[in-house]
Protein chains: 4
Amino acid sequence: MRKAERTRKAALDAAANLLADQGYHRTSLEDVAGKIEMRGPSLYYYFASKDELVEAVLTAGLDEARETMTAAMAANPSANGAEMLAAAVRGYFRSIHHKSDVTRANIRCYYEVPSDFRQRLRSKMRSFIEIWEEIIETGVNDGSLRNDIEPAMASRLILAALNYTAQRRNQSATDVESMEHHLLGMVLGGFVAEDVPVGFAPSTDDVPLMRS
Amino acid sequence: MRKAERTRKAALDAAANLLADQGYHRTSLEDVAGKIEMRGPSLYYYFASKDELVEAVLTAGLDEARETMTAAMAANPSANGAEMLAAAVRGYFRSIHHKSDVTRANIRCYYEVPSDFRQRLRSKMRSFIEIWEEIIETGVNDGSLRNDIEPAMASRLILAALNYTAQRRNQSATDVESMEHHLLGMVLGGFVAEDVPVGFAPSTDDVPLMRS
Amino acid sequence: MRKAERTRKAALDAAANLLADQGYHRTSLEDVAGKIEMRGPSLYYYFASKDELVEAVLTAGLDEARETMTAAMAANPSANGAEMLAAAVRGYFRSIHHKSDVTRANIRCYYEVPSDFRQRLRSKMRSFIEIWEEIIETGVNDGSLRNDIEPAMASRLILAALNYTAQRRNQSATDVESMEHHLLGMVLGGFVAEDVPVGFAPSTDDVPLMRS
Amino acid sequence: MRKAERTRKAALDAAANLLADQGYHRTSLEDVAGKIEMRGPSLYYYFASKDELVEAVLTAGLDEARETMTAAMAANPSANGAEMLAAAVRGYFRSIHHKSDVTRANIRCYYEVPSDFRQRLRSKMRSFIEIWEEIIETGVNDGSLRNDIEPAMASRLILAALNYTAQRRNQSATDVESMEHHLLGMVLGGFVAEDVPVGFAPSTDDVPLMRS
DNA sequence: GATGAATGAGCTTTCATTCAT
DNA sequence: CATGAATGAAAGCTCATTCAT
């Protein structure tokens with residue numbers, strides 16, 4: 001029973017790695033099994049179907065992301081919303097770049113899997129996002145974040161930028177640092193220079209975006 | 001002659017729509033043909049292969065995105081870098097949300113197609129990105145954008161957030177406006193409140209992210 | 001009506017050429033039509049189906065072969081069987097190498113076409129072969145050919161060697177001459193040196209093939 | 001492990017049989033699999049593609065032909081060129097008529113398969129033919145074969161006649177014997193009666209073929 | 001536990017053929 | 001006469017899945 005546990009874990013790791021790099025459709029069970037010196041059908045001893053295996057990976061990805069993120073935040077419980085947000089970004093970023101492949105697999109595959117399958121992940125995804133929304137709401141309330149942003153929307157944009165960095169692999173340590181640097185910079189302070197005041201942009205065209 | 005042109009266009013539209021919503025692998029030729037009341041093999045009258053069809057869609061997506069974006073920028077030729085950036089964001093955003101599905105198809109499928117196929121799109125994609133890099137470089141040089149950002153990295157993060165919004169369809173007009181609003185807000189000024197100073201974040205953990 | 005006749009002929013020529021070089025299955029109607037600056041379906045104005053077109057070519061091939069061969073024989077009506085055979089070989093050889101492609105098309109495709117189709121050619125093929133059988137019978141009777149050969153079998157072997165030469169194209173004139181030379185040499189006198197007597201070989205192994 | 005071996009062999013046999021009788025294009029994987037009570041895709045467990053299966057058959061055909069032929073020659077090592085030639089003819093003839101279908105499959109399909117595929121067989125085919133050329137060269141040198149024949153050309157004509165016999169199946173044993181008889185007769189001594197002298201034919205028309 | 005062997009569903013692709021124009 | 005446009009049949013191939021061992 002111990003061996004079974006280990007094999008199952010190995011299969012999940014192998015699957016996570018392939019899913020992260022090749023996506024859902026290009027990852028065959030034979031490929032996954034091959035990575036751990038087994039043959040495709042053997043995986044059916046551990047998982048009822050390909051989708052169950054993938055679901056386990058993506059679920060693990062969502063869990064790991066949430067845990068790494070909340071752990072990062074727990075280091076400074078008295079932080080204000082903006083600080084919590086920064087900690088969350090760092091935590092999730094680390095989950096993407098310094099951990100196993102499950103987070104990246106989730107990022108890559110969440111929208112590639114069949115929709116009925118995604119349905120089963122939705123609640124976990126939702127509660128993951130809710131953490132971000134709550135952080136932002138906190139920041140809006142304590143005045144550390146702008147008061148004209150909606151948590152639902154802001155959180156998605158932040159996550160989109162974060163998730164993008166998952167595509168960039170095999171980068172030097174400096175590059176990873178630079179990514180984190182820019183990410184935090186954009187999310188927190190934007191790219192406009194400090195002495196150039198910028199409000200939230202109106203969406204109509206005829207109004208100039210920024211007043212200087 | 002005219003009918004062929006129309007049918008070909010219809011096929012491209014149908015393909016763009018399915019590719020944007022279902023991705024490369026779930027979009028079969030039978031599906032595409034079905035959308036325009038035809039059968040799968042009929043498409044071979046217009047395209048030599050599935051990949052040629054898809055390539056036509058993605059290419060159109062890259063072209064449309066660039067054109068819409070540059071057109072938006074052309075409205076204000078004397079803009080500084082930050083203003084150009086804002087205009088570019090708006091232009092590309094419009095290409096995603098107010099136009100045909102080709103831009104969304106490109107966003108969704110660019111990384112799903114086989115790599116030798118993607119190779120053929122790479123130059124177009126590169127020149128698209130270079131426009132963004134140049135905008136940012138301009139802004140850095142004219143002082144309207146922060147001087148500690150690298151165009152290559154910043155442009156990718158901005159595009160990641162923009163591309164994300166392509167997933168959100170069937171939203172109310174208000175939602176789309178809100179998306180654009182938040183997008184510009186984040187990219188330009190970040191989410192931290194104005195009176196809370198925030199520098200670019202150092203990547204070491206023990207240094208507090210922001211100084212207030 | 002004259003133009004139609006010419007077009008039909010051109011299609012037959014084009015088909016013959018392609019059938020001879022690529023065989024029945026690799027020759028598509030689009031290919032044939034393309035050779036005469038037309039599109040595939042246009043051929044249906046002249047032929048009810050691909051097989052009817054091919055049948056016309058193969059029939060023409062059998063006719064041409066027969067005619068060229070009999071013409072060659074007619075030059076020397078008083079010839080004995082062996083001389084007739086030589087003339088026939090030369091005539092057929094010429095039909096293969098110095099004429100249009102219909103003979104080669106027939107040689108290449110006769111056994112590639114569907115069997116029910118071949119059925120329709122069989123009588124013509126049979127009467128073609130019968131000419132050879134009669135020649136040989138004549139030779140056996142007049143003593144100019146060995147008296148231990150069966151016309152049915154001998155004629156097939158001769159034709160097999162002849163037909164083989166159809167594969168060899170783009171050869172120099174000297175090569176074609178050499179082919180004819182060896183062909184006649186083998187068929188008439190065999191390859192064994194003249195002073196080495198050789199009877200017809202018994203098929204049992206333990207009996208030496210030749211007595212010297 | 002044993003069963004796989006048997007099934008693979010059965011598939012090769014089935015393929016050889018169908019390839020020999022129907023040719024490359026009319027032989028579908030479903031047909032081959034059907035012959036051994038399986039379904040088409042199952043063959044992919046044993047062969048990576050149709051062409052790999054066919055290649056295995058044709059390769060086996062070339063090997064069997066060569067082996068059977070050389071074995072026949074080995075029985076009489078002191079034979080002169082003419083005797084070796086006779087032995088080779090008998091050996092190859094036996095490979096065609098008394099063995100499995102692989103030789104016939106090769107004869108039928110070698111020129112039907114795509115040319116890039118044939119390329120892979122070419123070296124084997126070449127070395128097969130070279131054996132024949134060497135036999136003939138030996139015979140020319142030791143005086144047992146005519147000194148005006150070129151090995152390259154003579155060997156092809158002999159093989160053409162031999163290969164032709166592959167088409168004739170379901171013949172009585174007597175017929176097969178008769179085929180071999182005539183084959184050797186033609187190749188070695190030709191069909192002209194013994195007392196009728198016949199030189200190698202000049203290719204010009206105005207010179208009588210034979211002098212009697 | 002693991003796999004060898006086999007299958008069925010579904011895909012892309014080719015091509016002879018049809019039919020309105 | 002000729003073709004543009006479309007189709008159906010059939011092929012090769014991939015892969016998740018099953019099942020006996």
Side-chain angles (χ1 to χ4, degrees), chain A residues 1 3-4 6-8 25-33 36-54, chain B residues 1-8 25-33 36-54, chain C residues 1 3-4 6-8 25-33 36-54, chain D residues 1-8 25-33 36-54:
Chain A
M1 276 302 169
K3 188 186 169 206
R6 261 183 292 124
T7 306
R8 192 189 139 96
H25 290 98
R26 302 196 106 70
T27 301
S28 73
L29 289 184
E30 196 64 40
D31 286 348
V32 174
I36 55 174
E37 237 96 20
M38 286 188 2
R39 313 301 307 263
S42 307
L43 295 174
Y44 282 83
Y45 182 79
Y46 302 96
F47 307 94
S49 68
K50 175 182 181 179
D51 282 4
E52 196 182 291
L53 163 58
V54 176
Chain B
M1 278 293 183
R2 237 354 173 322
K3 190 187 176 200
E5 210 63 34
R6 263 184 290 123
T7 306
R8 194 190 138 95
H25 290 97
R26 305 196 101 74
T27 301
S28 73
L29 291 183
E30 196 63 41
D31 286 348
V32 174
I36 54 174
E37 236 98 23
M38 284 184 12
R39 315 302 306 265
S42 305
L43 293 173
Y44 282 82
Y45 183 76
Y46 301 95
F47 306 95
S49 67
K50 175 179 181 180
D51 281 6
E52 194 182 292
L53 164 57
V54 176
Chain C
M1 275 301 169
K3 188 187 170 202
R6 261 184 290 127
T7 307
R8 193 188 139 95
H25 290 98
R26 302 195 106 72
T27 302
S28 73
L29 288 184
E30 197 64 39
D31 287 348
V32 173
I36 54 173
E37 237 96 21
M38 286 189 1
R39 314 301 307 264
S42 307
L43 296 174
Y44 281 84
Y45 181 79
Y46 302 95
F47 307 94
S49 68
K50 176 183 181 178
D51 282 4
E52 197 182 290
L53 163 58
V54 176
Chain D
M1 277 294 181
R2 236 355 170 326
K3 191 188 176 200
E5 210 63 34
R6 262 183 291 125
T7 307
R8 195 190 137 95
H25 290 99
R26 304 197 101 73
T27 301
S28 74
L29 291 181
E30 195 65 41
D31 287 347
V32 174
I36 54 174
E37 235 100 22
M38 284 184 13
R39 313 303 305 264
S42 305
L43 293 173
Y44 282 82
Y45 183 75
Y46 301 95
F47 306 94
S49 67
K50 176 181 180 178
D51 281 5
E52 195 182 292
L53 164 56
V54 176

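In what follows, chains carry the letters A, B, and so on, assigned in the order in which the sequence lines appear, proteins first and then strands, with residues in each chain numbered from 1. Fair warning: this is a prediction, and the values are worked out from it, not measured in the lab.
- Going from atom CG of B:D31 over to atom C1' of E:dC11 covers 11 Å, rounded to whole Å.
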Point to revise | Per-nucleotide protein contact string for nucleotides 13-21 of chain F (B base, S sugar-phosphate only, - none; heavy atom under 4.0 Å) | key: BB-SBB---
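- Distance check, rounded to the nearest 0.5 Å: CG of B:L29 to CE of B:M38 gives 10.5 Å.
- Between the CD atom of B:E5 and the C1' atom of F:dG4 there is a distance of 13 Å, rounded to whole Å.
- Counting to the nearest Å, the P atom of E:dT13 and the CZ atom of B:R39 are 18 Å from each other.
- Not one side-chain nitrogen or oxygen of C:Y45 sits closer than 4.0 Å to the OP1 or OP2 atom of F:dA2.
- For residues 41-50 of chain A, no pair satisfies salt bridge (charged side-chain N to carboxylate O under 4.0 Å, His left out), with sequence neighbours left out.
- Under the side-chain hydrogen bond (donor to acceptor under 3.5 Å, both in side chains) criterion, D:S28 pairs with D:D31, sequence neighbours left out.
- Considering CZ of D:R39 and CD of D:E30, their distance stands at 5.0 Å, rounded to 0.5 Å.
- With DNA chain F read from its 5' end, the first of the two nearest nucleotides for C:S42 and B:Y46 is the one closest to C:S42.
- For A:E37 and E:dG1, the CD to C1' distance is 16 Å, given to the nearest whole Å.
- When all heavy atoms of D:A33 and D:G40 are compared, the pair lying nearest together is CB-N, 3.6 Å.
- For the pair D:L43 CG and E:dA6 P, the computed distance is 10 Å after rounding to whole Å.
- Contact between B:T7 and B:I36 at its shortest, heavy atoms only, is O-CD1, 4.3 Å.
- Following rounding to the nearest Å, B:R8 (CZ) and F:dG4 (C1') show an atom-to-atom distance of 15 Å.
- Annotation: side chain to side chain contact (heavy atoms under 4.5 Å, CB included) contacts of A:F47 (sequence neighbours excluded): A:R8, A:A11, A:L12, A:E52, A:L53, A:A56.
- In DNA chain E, stems built from 3 or more consecutive Watson-Crick or G-U wobble pairs, each with both distances under 3.5 Å, span E:2-21 with F:2-21.
- Contacts of C:R26 classified as side chain to side chain contact (heavy atoms under 4.5 Å, CB included), with partners at least two apart in sequence or in another chain: C:Q22, D:H25, D:P114.
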